[in-house]
Protein chains: 2
Amino acid sequence: MNITTKDLAKVVVFQNATEGDLKLILKNSIVRSIEEGEFFFFQGDFAQYLYILTSGQVKLMQSNPNGQQVNLRTIYPWQMFGALGAVRSEATYPATAQALENSTGLAIESSFLHKLLETHPQIAFDLMTLMTTYIQEMQARYRELATERVEQRVANALLRLAAQVGIRSEKEAIIELSFSRQDVAEMTGTTLFTVSRLLSDWERKGIIKTGRERIKIIRPHDLVRISDGMEK
Amino acid sequence: MNITTKDLAKVVVFQNATEGDLKLILKNSIVRSIEEGEFFFFQGDFAQYLYILTSGQVKLMQSNPNGQQVNLRTIYPWQMFGALGAVRSEATYPATAQALENSTGLAIESSFLHKLLETHPQIAFDLMTLMTTYIQEMQARYRELATERVEQRVANALLRLAAQVGIRSEKEAIIELSFSRQDVAEMTGTTLFTVSRLLSDWERKGIIKTGRERIKIIRPHDLVRISDGMEK
DNA sequence: ATTTTTATTTGCGCCAGCGCAAAGACAACC
DNA sequence: GGTTGTCTTTGCGCTGGCGCAAATAAAAAT
């Protein structure tokens with residue numbers, strides 16, 4: 001598949017770039033394909049490239065010295081990742097990017113984008129806007145982790161995922177998600193056992209239906225109640 | 001106290017601004033003094049101003065619907081806060097800013113800085129750099145909260161505080177901090193009881209000395225070991 | 001100096017959530 | 001279609017850390 005400037009305009013940060021800029025960006029980037037489970041980059045690597053995901057799905061995660069990891073964010077096509085290095089030169093990636101399925105990304109030299117930002121205030125501005133959402137989201141999740149119980153955090157994570165990537169069924173408010181218990185655990189700072197127990201419980205109550213790496217939300221409203229801590 | 005452009009140049013985001021820009025910024029800002037315990041702004045307020053702290057100390061925190069709160073960051077003189085609203089217009093503050101002591105801030109219209117950023121790539125760039133550090137720091141703290149035990153988080157918080165604002169004694173590696181147990185609890189996502197028990201324990205072991213709203217680090221190296229999870 | 005307010009400590013009980021282990025379910029592959 | 005690997009469930013025991021309450025200590029106010 002060939003990537004055109006039209007595709008590139010779908011990237012939020014490039015939405016206000018001119019056709020000429022987009023062409024220049026394309027010329028300064030290379031396509032990189034990665035198999036499921038492989039990595040675009042590791043936490044601590046020198047941040048030579050930033051990426052635009054063109055197909056597939058990528059997990060951004062951070063590990064502590066013992067190897068325990070948390071999921072920071074999942075990347076979908078036409079989203080940018082690994083961009084922090086473009087701002088601070090000589091930077092290293094603060095997270096690891098692993099492909100959840102066979103994925104293709106457009107790799108742009110960090111130093112190239114760095115230069116581009118200096119001369120294109122509008123692109124810099126759009127990148128800044130993106131950063132503010134990241135900051136706010138991380139702050140909110142931090143607070144959630146510090147103050148909310150596991151139930152609430154898991155319910156919240158499901159709702160957030162549903163809003164981002166859920167596939168809505170025509171009929172009612174049924175939303176389908178493809179995530180393992182382990183994934184959800186890493187997103188919410190708990191263990192797969194606890195997530196499994198919670199989901200089983202909710203399934204018994206008819207709030208969701210579950211399967212192997214599948215969660216179907218039947219009654220979102222009940223999840224909202226749980227996430228608000230109204231339950232119990 | 002009158003604020004000069006020379007003062008303003010101490011602000012990281014304005015370090016590369018020209019004298020003319022600084023004058024313009026000064027002209028578009030007003031001084032606002034706040035007593036200890038009072039608020040510069042509340043989470044959810046319309047983000048009309050962003051601030052430069054010129055004296056005192058300010059706590060940025062976030063509350064959940066039940067009123068439980070977490071400390072996101074402490075602001076010291078010549079640091080900027082409330083700036084996220086300058087990027088996205090029509091934004092509300094994502095956090096609450098409370099003065100820990102009598103404090104004075106320079107209030108700059110968000111819309112003014114917004115316009116300034118559009119025409120001054122260098123300032124935008126420096127603000128972006130600041131944002132990347134925030135993102136990285138929040139990600140690191142999020143991971144810490146998700147994967148580390150309370151001991152480690154508290155030890156880490158003390159070390160971080162010591163590096164930022166600790167007063168070093170001439171002699172050995174003694175570092176003094178002025179924080180209550182409650183403060184530390186809110187910084188680490190735990191309770192003041194747990195913090196108190198931990199600090200008492202460490203005092204018994206001679207790692208720190210404590211007092212009312214005072215913590216003196218005697219043997220930082222032992223704290224590092226605890227924060228790395230080597231203890232036990 | 002006395003009173004009031006605010007911060008801290010500590011004992012005690014408790015439970016949410018962890019961690020292991022073993023079994024079961026599902027998908028994929030040969 | 002049987003085998004293998006991965007994901008999930010569930011029982012069981014345990015404990016880190018929470019939360020209350022009451023005592024103590026330190027600072028601030030009068």
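The sequence lines fix the lettering, A, B, ..., with proteins before strands; numbering per chain opens at 1. Just so it is clear, the model here is predicted, and its values are computed rather than measured.
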Quickly work out the [X] [atom1] to [N] [atom2] distance and round it to whole Å.
X: A:Ile215; N: C:dC26; atom1: CD1; atom2: C1'; value: 16 Å
X: A:Leu198; N: D:dT10; atom1: CG; atom2: C1'; value: 14 Å
X: A:Gln182; N: C:dG19; atom1: CD; atom2: C1'; value: 13 Å
X: B:Leu145; N: D:dG16; atom1: CG; atom2: P; value: 18 Å
X: B:Glu203; N: C:dT10; atom1: CD; atom2: P; value: 9 Å
X: A:Asp201; N: D:dG11; atom1: CG; atom2: P; value: 12 Å
X: A:Leu192; N: D:dC7; atom1: CG; atom2: P; value: 10 Å
X: B:Phe193; N: D:dG16; atom1: CZ; atom2: P; value: 20 Å

Are OP1 or OP2 of [N] and a side-chain N or O of [X] less than 4.0 angstrom apart?
X: B:Ser180; N: C:dT6; result: no
X: B:Thr210; N: C:dT8; result: no
X: B:Thr191; N: D:dG19; result: no

Using modelled atom types only, decide if a donor and an acceptor are shared between the side chain of B:Thr129 and the backbone of B:Leu127 within a distance under 3.5 Å.
no
Distance alone, cut at 3.5 Å: any donor-acceptor contact between the side chains of [X] and [Y]?
X: A:Tyr51; Y: A:Arg32; result: yes
X: A:Ser227; Y: A:Gln152; result: no
X: A:Glu203; Y: A:Thr210; result: yes

Base [N] to side chain [X], donor-acceptor N/O within 3.5 Å cut-off:
X: A:Arg212; N: C:dG24; answer: no
X: B:Arg197; N: D:dG16; answer: no
X: A:Arg149; N: D:dG17; answer: no

When you measure from the centre of the six-membered ring of A:Phe193, is the NZ or CZ of A:Arg181 closer than 6.0 Å and no more than 45° off the axis?
no
Using a heavy-atom cut-off of 4.0 Å across all strands, would you classify A:Ser196 as base, sugar-phosphate, or nothing?
base
5' precedence on DNA chain C between A:Arg153 and B:Thr194 (nearest-nucleotide basis)
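Taking each residue's closest nucleotide, the earlier one in sequence belongs to B:Thr194.
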